[in-house]
Novice: 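Shown below is the structure under consideration.
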Amino acid sequence: MTADLPITNISCYLFAPLTDLKGLRERLIAVCKERGLKGTILLSTEGINLFIAGPRVLVDELVAVIRSVPGLAGLAPKYSESSHQPFNRMLVRIKKEIIAFGVEGIDPAKYTSPRMEARTLKQWLDEGRPVVLLDTRNDYEVKLGTFRNAHVIGVNTFRDFPAAVRALPEELKKQPIVTFCTGGIRCEKAAPFMEREGFEQIWQLEGGILKYFEEVGGDHYEGECFVFDQRVGVDPGLEETQSAQCYMCQSPLTDEDQADPRFVANVSCPYCFKTTEQQMQEMIVKRHAKIRQLTTPLPGSAPYDNFRPLNVPKQCDGMTLLETLVTILPVVAREEWVRRLEGGRLLDKDMHVATADQIVRAGERFTQLLAANVEPDVNADIRVLHEDQAMLVVEKPAPLPMHPGGRYNRNTLQYILDEVYHPFKLRACHRLDANTSGLVVVARSRHFAGQVQPQFSRGEVEKLYLARVQGHPTEDSFVCEAPISREAGALGGREVDEEGGDEARTEFRVLSRDADGTALLEARPITGRTNQIRIHLWQLGFPILGDPTYLPGGAVGDTQTLSVGAPPMCLHAARVSFVHPLSKERVTFESKPTWR
């Protein structure tokens, strides 16, 4: 019988001391569910605040129940009608405050500022009496409408109100002020607070904007009144308007707002719309914050047990485990491998201790245990320059290894990015030496890596490096085509191998010859061999300044990765250009070295 009745909406509050909130909550939930009412009721030791909708007879039954609670007999709802139910569910919540304010000593149950009836305010405004109308509502509510010439306090939440009041001009403290809000509840706290702050003539509009509409209509008011339900806005006749609310930012939207091209239902509106570039920059700020959090302290600085996989290659089939280890990891001395084996730090596929003399087979898998491992410090000042659905481009600092290996596992670019972007498993599309700084292109999935990595292998990616070298090349432009060895030597490095090396080509251009005996060069690697630029410049007699491995005079150093604080190796990946997997257009990114 009640299904065809119009929906009655009530909003009301009452400050009164309440006890047994849990019991009252259960009682009100039962009453509302029995009657199919929907909305929100907030309970606190300071009182009750509610927004409820349903058939009038059932709403009145709820009001009667609430008025029977000691202290709530004076509950005075404000009524309006709608053709549909504006709420999705029924909630009864217990809160610290029925209207969050956060200021101690403001208790409307004990004291409120003088109230001004709607008809009195209208009369004052009709007569042109000097009065300041102070809108205490949030900025997004004011967008739909407010009193003509009202002073908007300018807050995002009511908790910001005290600070906003303290920022008001001093001369307002002597002027007559009428505070107002939607239904009056905020003014119950706002007005007494202003009195406490030294404002001398304060009134609060009785019943707020909704009561003003009900009693005197829309005189002196411009626009609509924002309400906290699916109606969004009501006009001075308390009828629902056509205004909507943005799904993302909750801003109320007029017809004009909804006609704006930036309004996309459930996506954006003119108030929260962001360009792709703005969204990316906001995301990058969050990424940087997470990187700083993850790397302070460095993830590899605390002792941990590190289990490293070792796979037996075809060439080692039938060898002893010791000979295999010496063959595939020559950077570790034989004596050190013997020590690790005797210490039970090599485990077979069943995680049993392996021995030095056991015979291994191609494809067999072992695990190396690095107990209580602590990694050397690195420079973790990673910067994300670009991020989209497919790719990111980062500035890798130095020294920082890209991938786990040797002494580094967690203190690597790969580990840090994996943690920051979890659960995505990122894939670097190319490599930089630990001591080389600059641009690294990273794919966000195997699919996109499969579209970008081949561009590097086919030589379709344009790469430009900056290098500061020792000495002054005589020619302004020159090329090196010295073949580079396929196998790693000491410290995992390579060298020129005229007989069996891989073809390699690097083009150089001198940018400056400086008084300190160094020169700044552009280097364009046409091929992509390990250490290619470093080896070619070393071969030509112009080693890179700060290179710990390829030293002046053709000497080879004994250090692979520089320590933090050491003079930098002056090689920087300054520009990269490739075809983006989404747009299919060529994109270019640039970076400047810190050492230049």
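Predicted, not measured: the structure shown is a model, and the values here were computed from it.
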Novice: Are there more than 12 heavy atoms of other residues, nucleotides or ligands under 6.0 Å from atom CD of Q389?
Specialist: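 Counting neighbours around CD of Q389, 12 or fewer heavy atoms of other residues, nucleotides or ligands fall under 6.0 Å, so no.
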
Novice: State which residue, out of K189, Q201, E195, fulfils the side-chain hydrogen bond (donor to acceptor under 3.5 Å, both in side chains) condition with S113.
Specialist: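 Option passing the side-chain hydrogen bond (donor to acceptor under 3.5 Å, both in side chains) with S113: E195.
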
Novice: Kindly indicate whether the side chain of L134, heavy atoms from C-beta on, has any atom under 4.5 Å from the side chain of I202.
Specialist: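 SC-SC contact between L134 and I202 ruled out.
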
Novice: On a heavy-atom basis, which atom in G438 and which in H572 lie closest, and how many Å separate them?
Specialist: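 Shortest heavy-atom contact: CA-CE1, 3.3 Å.
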
Novice: In this structure, which one of Y408, Y304, Y415 forms a side-chain hydrogen bond (donor to acceptor under 3.5 Å, both in side chains) with E375?
Specialist: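 Running side-chain hydrogen bond (donor to acceptor under 3.5 Å, both in side chains) over Y408, Y304, Y415 with E375 returns exactly one hit, Y304.
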
Novice: Apply the test side chain to side chain donor-acceptor pair (under 3.5 Å) to residues S437 and K396: give CA-CA distance (whole Å), side-chain angles for both, the deciding distance (0.1 Å), then the verdict.
Specialist: CA-CA 5 Å; S437 59; K396 184 186 83 68; over 6 Å; no

Novice: Who are the ring-ring contact (aromatic ring centres under 6.0 Å, His included) partners of Y421, not counting sequence neighbours?
Specialist: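 Listed in chain order: nothing, the list is empty.
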
Novice: Just list the side-chain donor-acceptor pairs under 3.5 Å for residues 207-219, sequence neighbours left out, or say none.
Specialist:
residue: Y212; atom: OH; partner: D219; partner atom: O; Å: 2.7
residue: D219; atom: OD2; partner: K122; partner atom: NZ; Å: 3.4

Novice: In this structure, which one of R444, R427, K425 forms a salt bridge (Lys or Arg N to Asp or Glu O under 4.0 Å) with D418?
Specialist: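 That would be K425; it is the only one of R444, R427, K425 passing the salt bridge (Lys or Arg N to Asp or Glu O under 4.0 Å) with D418.
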
Novice: Only counting residues at least two apart or in another chain, list the ones meeting side-chain hydrogen bond (donor to acceptor under 3.5 Å, both in side chains) with D388.
Specialist: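 Applying side-chain hydrogen bond (donor to acceptor under 3.5 Å, both in side chains) to D388 gives H386, H580.
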
Novice: What heavy-atom pair brings N138 and F158 nearest, and what distance separates the two atoms?
Specialist: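 Looks like OD1-N, 3.5 Å.
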
Novice: Would the number of heavy atoms belonging to other residues, nucleotides or ligands and lying under 6.0 Å from CZ of R196 be above 12?
Specialist: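 Yes, CZ of R196 has more than 12 neighbouring heavy atoms, counting only those of other groups under 6.0 Å.
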
Novice: Is the closest basic N to carboxylate O distance between E170 and K173 below 4.0 Å?
Specialist: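 Yes.
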
